[in-house]
2 protein chains.
Amino acid sequence: MNIGQASSASGVSAKMIRYYESIGLISPPNRTESNYRVYGADEVHTLRFVKRARTLGFSVEETATLLGLWQDKSRASAEVKDIATAHIGALETKIAELQSMVKTLKHLAHCCSGDDRPNCPILDDLAGMPAKKGH
Amino acid sequence: MNIGQASSASGVSAKMIRYYESIGLISPPNRTESNYRVYGADEVHTLRFVKRARTLGFSVEETATLLGLWQDKSRASAEVKDIATAHIGALETKIAELQSMVKTLKHLAHCCSGDDRPNCPILDDLAGMPAKKGH
DNA sequence: ATAAGGCTTCCCATCATGGGAAGGTCAAGG
DNA sequence: CCTTGACCTTCCCATGATGGGAAGCCTTAT
């Protein structure tokens, strides 16, 4: 299997497969005589693992750790769970930040007439003007 | 006021002030004879505006547009509201993505005993193994 | 034999930010 | 007056994960 086929089979772009190899996330595959990378079912399985981890928001570094644990048949599941739990915490922190932005923006947008007139509470807020209460 | 003081007064790092100037987000300030940037209250006000917009998650490009509208005394507030509304939408999309990740991860973590044993539903999921129902 | 399409490596761009080096400037104190 | 330390200047590099694209080689089908 060439890199293009491994890409289709795993959902990881050829570009990223080479990148993951270059940073040591995955091992260099065998090559044909003409220097083409050759992948087998195992490599594709690994790529799918990586893809899934990335889809769940794990960084490449966390993914590397998870890959190592996956391949270590004697790992303690607690190690994996710790990584996942920390990641959940990070995601929730991020979500809270974004929600806080949304909350503020929704309030401002609600206060903005959104018509032809120039008066705009959104700009007023950005400019540091004290918001008018109620309406 | 030197850049360091403008930085403290606005909450924007000196590094970023120079960067914003280099990309044209803010205008180049006057310089002293010895080439030091000199800022006044207006510039600091603009920097605070930028800081606030960035804090609310607007990209630098969106911030540039908002700055332009702020300075255009005859803008229509609808233009501002449109940008804010689009941004709220983008944030909500992002939030939904993150929440989806959290939901999956919480389920997996819940299914993982997190002890010394190697058996781990989290890794099984990443490896593409069909999840066992119930628990 | 030729054309199309896939592969290789290498460089560059993104987005917003920080780090740090090398060198100029300013203010305070000995 | 001179030193010291804190500031300023520009310039280059790094981050994280990804894509774009060029130049050149290989393979496959016509």
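Each chain gets a letter, A, B and so on, in the order the sequences are listed, and its residues count up from 1.
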Original post:
Does atom CG of D116(B) have more than 12 heavy-atom neighbours from other groups under 6.0 Å away?
Top reply: no
Original post:
If you draw a 6.0 Å radius around CD in E61(A), do more than 12 non-hydrogen atoms from other residues or ligands fall strictly inside?
Top reply: no
**OP:** Please figure out whether R54(B) or T32(B) has its closest DNA chain C nucleotide nearer the 5' end.
**Re:** R54(B)
Keeping the roles fixed (side chain from [X], backbone from [Y]), state whether a donor-acceptor pair exists under 3.5 Å.
X	Y	result
T93(A)	G89(A)	yes
S77(A)	D115(B)	yes
R37(A)	I3(A)	no
S100(A)	A96(A)	no
R48(A)	S10(A)	no

Subject >> Positions of residues 17-28 of chain A (non-hydrogen atom under 4.0 Å from DNA chain C), listed by number >> reply: R18(A)
Original post:
For DNA chain C, which residues in residues 44-51 of chain B have a heavy atom at a distance below 4.0 Å?
Top reply: none
Round to a whole Å and report the spacing from [atom1] of [X] to [atom2] of [N].
X	N	atom1	atom2	result
N35(A)	dC10(C)	CG	P	11 Å
E62(A)	dG16(D)	CD	P	12 Å
R31(B)	dC26(C)	CZ	P	14 Å
M1(B)	dC7(D)	CE	P	16 Å
I3(B)	dA6(D)	CD1	C1'	15 Å

Original post:
dT8(C), dA16(C), dC8(D): which one has an atom nearest the side-chain heavy atoms of S59(B)?
Top reply: dA16(C)
Subject >> Short side-chain N/O contact from S13(A) to OP1 or OP2 of dG19(D), under 4.0 Å >> reply: yes
Check nucleotides 22-26 of chain D against the protein and report each pair of N or O atoms closer than 3.5 Å, with its distance, or say if there are none.
unit_1: dC26(D); atom_1: O3'; unit_2: S34(A); atom_2: OG; d: 3.3

**OP:** Please report the shortest heavy-atom distance between L56(A) and L126(B), naming the atom on each side.
**Re:** CD1-CD2, 4.0 Å
Subject >> Heavy-atom closest contact (P29(B) atom, V38(B) atom, distance) >> reply: CB-O, 3.3 Å
**OP:** Report the relative orientation of the aromatic rings in W70(A) and H45(A); use parallel for angles under 30°, tilted for 30 to 60°, perpendicular for over 60°.
**Re:** perpendicular
Subject >> salt bridge (charged side-chain N to carboxylate O under 4.0 Å, His left out) assessment of E97(A) paired with K94(B) >> reply: CA-CA 11 Å; E97(A) 287 172 11; K94(B) 188 71 187 171; over 6 Å; no
